Chemist: 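Quick one: the structure is below, questions incoming.
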Amino acid sequence: MALARGVDVAMDRTVAPGFTRIGPAVRSRLPGWPAGPEPGALAGRTAAVTGATSGLGLATALGCARLGAHVRLVVRDVEKGARTRAEIEAQVAGAEVSVDRCDVSDLEDVRRFVADLDTDRIDVLVHNAGAMPATRTESPQGHELTMALHVLGPTLMTELLRPRLTSHDSRVIFVTSGGMYGQRLRPDDPEYLDGEYSPTTAYARSKRAQVELLPLLGSRWAAAGIGVHATHPGWADTPGVADSLPRFHQLTGPLLRDAESGADTTVWMAATQPQPRTGQLWHDRRVRPTHLLRRTRTGDPERAQLWDWVRLQTDIDKPAR
Ligand SMILES: NC(=O)c1ccc[n+]([C@@H]2O[C@H](COP(=O)([O-])OP(=O)(O)OC[C@H]3O[C@@H](n4cnc5c(N)ncnc54)[C@H](OP(=O)(O)O)[C@@H]3O)[C@@H](O)[C@H]2O)c1
């Protein structure tokens with residue numbers, strides 16, 4: 001078992017082997033690989049997945065439907081959402097699937113989505129929607145888009161859904177990225193106003209922010225019985241990767257995981273029993289370090305500074321007038 005753990009950790013720290021399809025191929029054969037959820041593990045539960053029309057979001061929605069969940073596809077394009085629903089229904093007999101519209105980067109649309117949502121119960125909320133715009137882009141509220149889509153929108157959505165995340169085994173899962181290993185938190189410049197914009201840096205900073213906020217969000221929502229987790233998929237072959245990183249996609253093509261394998265830990269996290277401890281980063285069904293490099297390390301004051309910015313932009317904790 002110790003040897004198996006050593007192989008797993010070595011693949012993780014050297015990044016490339018662990019992130020590719022080799023990672024799960026080897027790990028799933030090692031002794032001690034955590035078992036998959038029982039069939040029907042999500043029966044009677046509702047799982048909402050943002051960005052469910054493509055890549056990992058579709059694979060996550062399919063995985064949750066296969067485990068018996070009522071799946072709510074939270075999408076910005078409802079026609080695409082309807083096609084995705086048909087695809088899931090065709091693949092999973094008896095699947096219960098709904099489509100809800102939400103542009104996660106638009107804080108007003110997040111508020112409207114929550115107000116319109118016709119269910120009083122969500123058990124699993126997967127913050128999967130993601131993007132890497134080629135040029136610096138702003139959300140309708142004027143926020144840099146990756147921070148709006150990966151941090152502000154999901155935080156506000158979770159906060160507003162808190163009264164419906166009431167099953168006492170509720171789980172909120174942020175799909176983050178191993179790209180964050182290369183960036184440190186920048187609470188001094190959350191909107192990427194300083195220096196020349198780089199799509200990969202902006203993306204990785206916003207994913208770093210997700211990971212650094214995990215402990216804060218975990219403690220904030222623990223009292224309501226909500227567990228908060230982050231998963232990173234490694235490198236998976238999805239439309240998003242092909243469009244945003246064409247050279248990377250071309251170079252690594254045969255080594256990339258398929259979407260199902262990239263979504264494996266997210267689906268596992270949605271359903272495994274008992275629910276793992278809140279506030280941790282996961283990849284291939286194991287807790288992973290949040291830093292691999294000394295230069296990215298972050299202190300509590302920097303985390304608190306970013307959190308103050310998030311609360312201010314989302315009006316969370318604003319005293320009622
Ligand atoms: N693939 C990888 O190797 C990899 C690695 C690390 C992390 N990730 C993360 O995994 C998640 C899924 O990525 P993917 O590779 O599956 O990408 P993808 O194929 O591009 O899918 C992204 C999904 O997010 C949706 N989306 C984008 N902007 C949105 C918005 N403003 N509001 C609502 N939905 C929005 C897209 O909707 P439309 O269909 O309407 O465009 C699409 O459904 C992302 O968070 C990404 O950062 C992926």
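Computed from a predicted structure; not experimentally measured. We count ligands from 1, going down the list as the structure has it; atoms in each ligand are counted the same way.
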Chemist: Report the nearest protein non-hydrogen atom to atom 15 (O) of ligand 1: residue, atom name, distance rounded to 0.1 Å.
Modeler: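 Going by distance alone, atom 15 (O) of ligand 1 is nearest to Thr238 OG1, 2.5 Å.
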Chemist: Please list the nearest protein heavy atom to atom 43 (O) of ligand 1 with its residue and the distance rounded to 0.1 Å.
Modeler: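 Answer for atom 43 (O) of ligand 1: Thr53 OG1, 2.7 Å.
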Chemist: Counting only heavy atoms, tell me which of Asn128, Val175, Asp77 gets closest to atom 44 (C) of ligand 1.
Modeler: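 Shortest heavy-atom distance from atom 44 (C) of ligand 1: Asn128.
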Chemist: Which residue and non-hydrogen atom of the protein lie closest to atom 22 (C) of ligand 1, and at what distance in Å?
Modeler: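 Sorting protein heavy atoms by distance from atom 22 (C) of ligand 1 puts Gly130 O, 3.6 Å first.
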Chemist: With heavy atoms of Pro233 as the reference, note each atom of ligand 1 found under 4.0 Å away.
Modeler: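 Listed by number with element, the hits are 4 (C), 5 (C), 6 (C), 7 (C), 8 (N), 48 (C).
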Chemist: Do any nitrogen or oxygen atoms of Leu56 come within less than 3.5 Å of a nitrogen or oxygen of ligand 1?
Modeler: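 By distance alone, the answer is yes.
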Chemist: May I ask whether Gly234 has any heavy atom positioned less than 4.0 angstrom from an atom of ligand 1?
Modeler: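 A heavy atom of Gly234 does come that close to ligand 1.
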Chemist: Check whether more than 12 heavy atoms from other residues, nucleotides or ligands sit under 6.0 Å from atom CD of Gln273, and answer yes or no.
Modeler: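 Atom CD in Gln273 is packed in, count exceeds 12.
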Chemist: Do Arg286 and Gln280 have side-chain heavy atoms sitting under 4.5 Å apart?
Modeler: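 Result no, sub-4.5 Å side-chain heavy-atom pair not found.
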Chemist: Following the transitive rule for hydrophobic clusters with a side-chain heavy-atom cut-off under 4.5 Å over Ile, Leu, Val, Met, Phe, Trp and Tyr, establish whether Val126 and Val104 coincide in one cluster.
Modeler: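 No, Val126 and Val104 fall in different hydrophobic clusters.
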Chemist: What protein heavy atom sits nearest atom 20 (O) of ligand 1, and how far off is it?
Modeler: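 For atom 20 (O) of ligand 1, the nearest protein heavy atom is Gly240 CA, 3.0 Å.
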Chemist: Give the cluster check for Leu117 versus Leu160: same hydrophobic cluster or not, with ILVMFWY residues linked at side-chain heavy-atom distances below 4.5 Å.
Modeler: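 Yes; tracing contacts between hydrophobic side chains, which count when under 4.5 Å, links both residues.
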Chemist: Please determine if Leu149 has a nitrogen or oxygen closer than 3.5 Å to a nitrogen or oxygen of ligand 1.
Modeler: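 Not met; the criterion fails.
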Chemist: Count the heavy atoms belonging to other residues, nucleotides or ligands that lie under 6.0 Å from CG of Asp120, then report whether that count exceeds 12.
Modeler: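 No, CG of Asp120 has 12 or fewer neighbouring heavy atoms, counting only those of other groups under 6.0 Å.
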Chemist: Which ligand 1 atoms are under 4.0 Å away from a heavy-atom of Trp235?
Modeler: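 Those atoms are 3 (O).
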Chemist: Under 4.5 Å between any side-chain heavy atoms of Val92 and Leu62, yes or no?
Modeler: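 Of all side-chain heavy-atom pairs linking Leu62 with Val92, at least one is under 4.5 Å.
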Chemist: Atom 19 (O) of ligand 1: which of Ser54, Ser177, Gly51, Gly55 has the nearest heavy atom?
Modeler: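 Minimum heavy-atom distance to atom 19 (O) of ligand 1 goes to Ser54.
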Chemist: Is there any N or O on Ala131 that sits under 3.5 Å from an N or O of ligand 1?
Modeler: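 The answer is no, given that Ala131 and ligand 1 share no N or O pair closer than 3.5 Å.
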Chemist: Report yes or no: does a heavy atom of Cys102 sit under 4.0 Å from some atom of ligand 1?
Modeler: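 A heavy atom of Cys102 does come that close to ligand 1.
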Chemist: Taking atom types as modelled and ignoring hydrogens, do the side chains of His291 and Glu212 form a donor-acceptor contact shorter than 3.5 angstrom?
Modeler: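 Note: His291 and Glu212 side chains meet the donor-acceptor criterion.
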Chemist: Check this for me, if you would: do Glu302 and Arg186 make a salt bridge, where the nitrogen-to-carboxylate-oxygen distance has to be below 4.0 angstrom?
Modeler: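 Salt bridge between Glu302 and Arg186, a charged N being under 4.0 Å from a carboxylate O: no.
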Chemist: Does Gln141, at its CD atom, have more than 12 non-hydrogen atoms belonging to other residues, nucleotides or ligands within less than 6.0 Å?
Modeler: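 Atom CD in Gln141 is packed in, count exceeds 12.
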Chemist: Does at least one non-hydrogen atom of Thr176 fall below 4.0 angstrom from an atom of ligand 1?
Modeler: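 The answer is yes, since Thr176 has a heavy atom less than 4.0 Å from ligand 1.
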Chemist: Check whether any heavy atom of Gly262 sits under 4.0 Å from an atom of ligand 1.
Modeler: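 Outside the 4.0 Å threshold, so no.
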Chemist: In this structure, which one of Phe19, Tyr181, Trp235, Trp268 forms a ring-ring contact (aromatic ring centres under 6.0 Å, His included) with His283?
Modeler: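 Running ring-ring contact (aromatic ring centres under 6.0 Å, His included) over Phe19, Tyr181, Trp235, Trp268 with His283 returns exactly one hit, Phe19.
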Chemist: Work out whether the distance between some heavy atom of Asp103 and some atom of ligand 1 is less than 4.0 Å.
Modeler: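 Yes; Asp103 lies near enough to ligand 1 that a heavy-atom distance drops under 4.0 Å.
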Chemist: Can you tell me the protein heavy atom closest to atom 8 (N) of ligand 1 and the distance?
Modeler: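 In this structure, atom 8 (N) of ligand 1 has Tyr203 OH, 3.5 Å as its nearest protein heavy atom.
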Chemist: Under a heavy-atom criterion of less than 4.0 Å, does Lys207 contact ligand 1?
Modeler: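 Yes, Lys207 has a heavy atom closer than 4.0 Å to ligand 1.
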Chemist: Tell me whether ligand 1 is touched by Lys80 - counting only heavy atoms on the residue side and a distance under 4.0 Å.
Modeler: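 A heavy atom of Lys80 does come that close to ligand 1.
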Chemist: Counting each atom of ligand 1 from 1 as listed, which ones have a heavy atom of Val241 under 4.0 Å away?
Modeler: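 Answer for ligand 1: 1 (N), 2 (C), 3 (O).
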Chemist: Start with the C-alpha gap between Asn128 and Thr50, add the side-chain angles, then the distance that decides, and say whether side chain to side chain donor-acceptor pair (under 3.5 Å) holds.
Modeler: CA-CA 5 Å; Asn128 164 83; Thr50 69; 5.3 Å; no
Chemist: Polar-atom distance check: Val104 versus ligand 1, any N or O pair below 3.5 Å?
Modeler: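 Val104 vs ligand 1: N/O contact under 3.5 Å present.
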Chemist: Determine whether the aromatic ring centres of Phe174 and His150 lie less than 6.0 Å apart.
Modeler: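 No, ring centres 6.0 Å or more apart.
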Chemist: Compare Ala61, Ala242, Ala263, Ala129 and give the one whose heavy atom is closest to atom 35 (C) of ligand 1.
Modeler: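 Going through Ala61, Ala242, Ala263, Ala129 one by one, Ala129 has the nearest heavy atom to atom 35 (C) of ligand 1.
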Chemist: Any chain of hydrophobic side-chain contacts (each under 4.5 Å) joining Val172 to Phe113?
Modeler: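 Yes, because Val172 and Phe113 connect within a single hydrophobic cluster, where side-chain heavy atoms sit under 4.5 Å apart.
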